[in-house]
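Below is one structure, written out as structure tokens; comments come after it.
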Amino acid sequence: EEEEEEEEEMKTTRTTRTTTPSPASLRGGKTPTRRSSSSSSSSSRTFAIVLAVLVGLGCLKMCCVGLFARGFLFIRVELAQKSWSHRVSSSDSEVSPSSSPSRIDKLIVLIIDAARYDWVATSSSGKFEESESDHHHRVGLKTLQDYYNTAQKKRKKKKKDDVDNVDVGSESPNSLLFKFIADAPTTTSQRLKGLLTGSLPTFVDISNSFSSKTLEEDNLIHQLQQNGKKRILFSGDDTWAELFPSADNGNNLSSRYSSYFADFEAFPSMNVKDTETVDTGVRNSWKKAHALAMRNRNGSNTSVDNKNTSDNSTRDDDDDDDADWDVWIGHMLGADHVGHTYGAKTKEMKKKLEQNDRDIRNIMNDLKTEKEVYAKALFLVFGDHGMTDEGDHGGSSEVEVNSFLFAHRPHGNIAAAFEDDEDEDDDISTIRSKNEMMQIDLVPTLSVLMGVPIPFSSLGLVNEKLWDLCHN
């Protein structure tokens, strides 16, 4: 019996060992399953929280981008209104268009695309400072530098001598030099719109840089032709053809230019490897314009008579070919293309600027030698924007927004324009402000000098120094 009891106890023990779960089996049993479910639930909650945070950050980023776009990339609304000058008759019963007297009878404008300010001046006072070793290696327009520095020396000498009522004639200090400050974006199409309307194009407009939109807003060209009855000649960058297209988009050779221009020569501008075609065309255009002015030196201007007696939209080609002109505009692209291709401080750029320098000197010599024709002429040379050392532009860096404006009166005593120039006691900020000019100020200044209404959208002010230059 004792043996049987022992056997039963042994069986019971074996059964117990068989049915009792081991620690290893416990790890794979019900309890581990509950732990796995809890871990999975915790991971899901963490993923949901992270996803919610990312979605929230994404929404916040989109809101920030939208706020930035509304404040910075705003869309500019073009105004359809046009400025118009009126004069009330003595009987107060009739109103007729009129314009203020014109202070200049010929305006010659030469635009050097992407011209940098340091090509003509380096100091804050507008003077070109250099050492003897730099004289033969500088990249710049020497004619403008020399004319302005000579004018400054004459002005200071006159001020020092304190001589009143002296007729200095052709030896008068007849040149002004400004740092010509543009507003971003510094692309050609947007800068031309700003220069012609006196308004501020936006960065959204930069999408039209390679396919310029027609300029329908009130602008200087419209005022000169419609209200001033001026004959305008143009040659250069074909961006102007897109701003002022002909009625049939150039399909008819007889109307190859807009009704605003008496003659229009546009040359392709997109091939940056071509550094000569546009400049050569502008150079030849000035030769033809100068020859035309020589043929009309007696003052006969058939175009004005024709415009006063006939509709502005019609033209007599035979008369217009021989009629005198009032405004000549040349837009050279060579320097801009050299910059894009080679850079702004290269031997290729030095060679191109030497060529442009000769062009400027030739025009100034023509104006000086023909006093009878250009007695009341104004010659302007400026850039629409600057460029970086690599030849790029479009942004708002200092070298991109800073260009120059050189104004020259070939004849007359204009010393009064310099009476309010910088004094030796002026601080740097005062000197700088006297030699700076915002690009939007060019439109109102030229409008009053040419005797036409200021374009409706213009935001600029009349520059006093340029005004004085043409009123003495």
Side-chain angles (χ1 to χ4, degrees), residues 104-113 115 141-144 147 170 175 221 224-225 230-241 244 253 256-258 260-269 274-303 315 317-338 351-383 406-411:
I104 51 180
D105 57 9
K106 285 192 182 300
L107 175 63
I108 300 96
V109 177
L110 181 63
I111 303 174
I112 300 179
D113 205 284
L141 298 168
K142 187 176 183 298
T143 295
L144 302 189
Y147 260 86
S170 61
S175 301
I221 300 298
L224 288 173
Q225 199 275 333
K230 308 295 185 182
R231 295 191 75 247
I232 307 172
L233 312 182
F234 172 81
S235 179
D237 185 356
D238 64 355
T239 302
W240 288 72
F244 301 99
L253 293 179
R256 62 188 180 279
Y257 40 74
S258 168
Y260 290 117
F261 298 92
D263 189 30
F264 192 93
E265 296 178 333
F267 303 93
S269 61
D274 183 359
T275 63
E276 298 297 333
T277 299
V278 180
D279 289 11
T280 300
V282 173
R283 195 175 300 117
N284 293 334
S285 174
W286 167 250
K287 292 178 181 179
K288 292 188 293 183
H290 179 59
L292 182 61
M294 294 299 98
R295 292 198 299 269
N296 290 273
R297 67 176 64 207
N298 293 328
S300 61
N301 192 332
T302 58
S303 65
R315 277 198 175 107
D317 292 338
D318 294 335
D319 291 340
D320 280 352
D321 287 342
D322 294 327
D324 201 1
W325 51 272
D326 305 292
V327 180
W328 178 85
I329 303 173
H331 189 158
M332 290 185 167
L333 276 178
D336 177 70
H337 286 184
V338 170
K351 180 179 179 181
K352 169 53 66 175
L353 293 184
E354 289 173 350
Q355 184 184 74
N356 291 156
D357 192 67
R358 288 193 297 270
D359 296 331
I360 295 171
R361 186 164 57 251
N362 290 337
I363 293 177
M364 296 179 77
N365 289 337
D366 289 340
L367 301 180
K368 183 178 180 180
T369 55
E370 299 295 340
K371 183 176 181 179
E372 182 182 356
V373 178
Y374 301 111
K376 295 176 62 178
L378 174 63
F379 179 39
L380 299 179
V381 184
F382 60 85
F406 177 82
H408 177 69
R409 283 294 302 276
H411 305 285

Beyond-backbone contact of Ile111 with Phe382, side-chain heavy atoms, under 4.5 angstrom
yes
Tell me the closest heavy-atom pair linking Lys368 and Pro410, and the distance in Å.
N-CB, 4.4 Å
Any Phe379 side-chain heavy atom under 4.5 Å of Leu110 side chain
yes
Any chance you could measure Leu367, atom CG, to His411, atom NE2, to the nearest 0.5 Å?
7.0 Å
Are any of the side-chain heavy atoms of Met332 and Gln355 separated by less than 4.5 Å?
no
Do Ile232 and Phe244 have side chains that get closer than 4.5 Å, going by heavy atoms?
no
Which heavy atom in Lys352 sits nearest to a heavy atom in Thr275, and how many Å separate them?
NZ-O, 2.8 Å
What I'd like to find out is whether the side chain of Arg361 reaches to under 4.5 Å of the side chain of Lys142, using heavy atoms alone.
no
Below 4.0 angstrom, N of the basic side chain to O of the carboxylate: do Arg283 and Asp359 qualify?
yes
Quick check for you: to the nearest 0.5 Å, what is the distance between Leu333 atom CG and Thr277 atom OG1?
10.5 Å
Considering non-hydrogen atoms only, spot the tightest contact between Asn296 and Ala323 and give its length.
ND2-C, 3.9 Å
Output the distance between atom CZ (Arg358) and atom CG (Leu141), rounded to the nearest 0.5 Å.
11.5 Å
Ignoring hydrogens and geometry, is there a side-chain-to-backbone donor-acceptor pair from Arg409 to Lys376 under 3.5 Å?
no
Just so I know, are the side chains of Phe267 and Asp274 near enough to count as touching, which here means a heavy-atom distance under 4.5 Å?
no
Can you see whether Trp325 engages Asp263 through a side-chain donor-acceptor pair at a distance of less than 3.5 angstrom?
no
How far apart are the closest heavy atoms of Leu292 and Asp324, and which atoms are they?
O-OD1, 4.5 Å
Note: Glu370-Lys106 ion pair, threshold 4.0 Å (strictly below)
no
What distance do Leu224 atom CG and Asp326 atom CG have between them, rounded to the nearest 0.5 Å?
9.0 Å
Could you check Leu233 against Ser285 for side-chain contact (heavy atoms from CB on, under 4.5 Å), going step by step and ending with a plain yes or no?
CA-CA 9 Å; Leu233 312 182; Ser285 174; 5.6 Å; no
Using the ring pair (Phe, Tyr, Trp, His ring centres under 6.0 Å) definition, which of the options Phe234, Tyr260, Phe264 pairs with Trp240?
Phe234
If you round to the nearest 0.5 Å, how far is CD1 of Ile108 from CG of Asp366?
10.0 Å
Does any non-hydrogen side-chain atom of Ile360 lie less than 4.5 Å from one of Ile363?
no
For Leu380 and Ala407, the nearest pair of non-hydrogen atoms, with its separation, is CD2-CB, 3.6 Å
Are side-chain heavy atoms of His290 and Tyr374 found at a separation under 4.5 Å?
yes
Can you tell me if His337 uses its side chain to pair, donor with acceptor, with the backbone of Glu276 under 3.5 Å?
no
The reported gap from CD in Glu354 to CG in Asn356 (rounded to nearest 0.5 angstrom) is 10.5 Å
Can a side-chain donor-acceptor contact be found between Asp113 and His331 if the only test is distance below 3.5 angstrom?
yes
Looking only at heavy atoms, the pair that brings Asp279 and Gly334 closest together is OD1-N, 3.0 Å
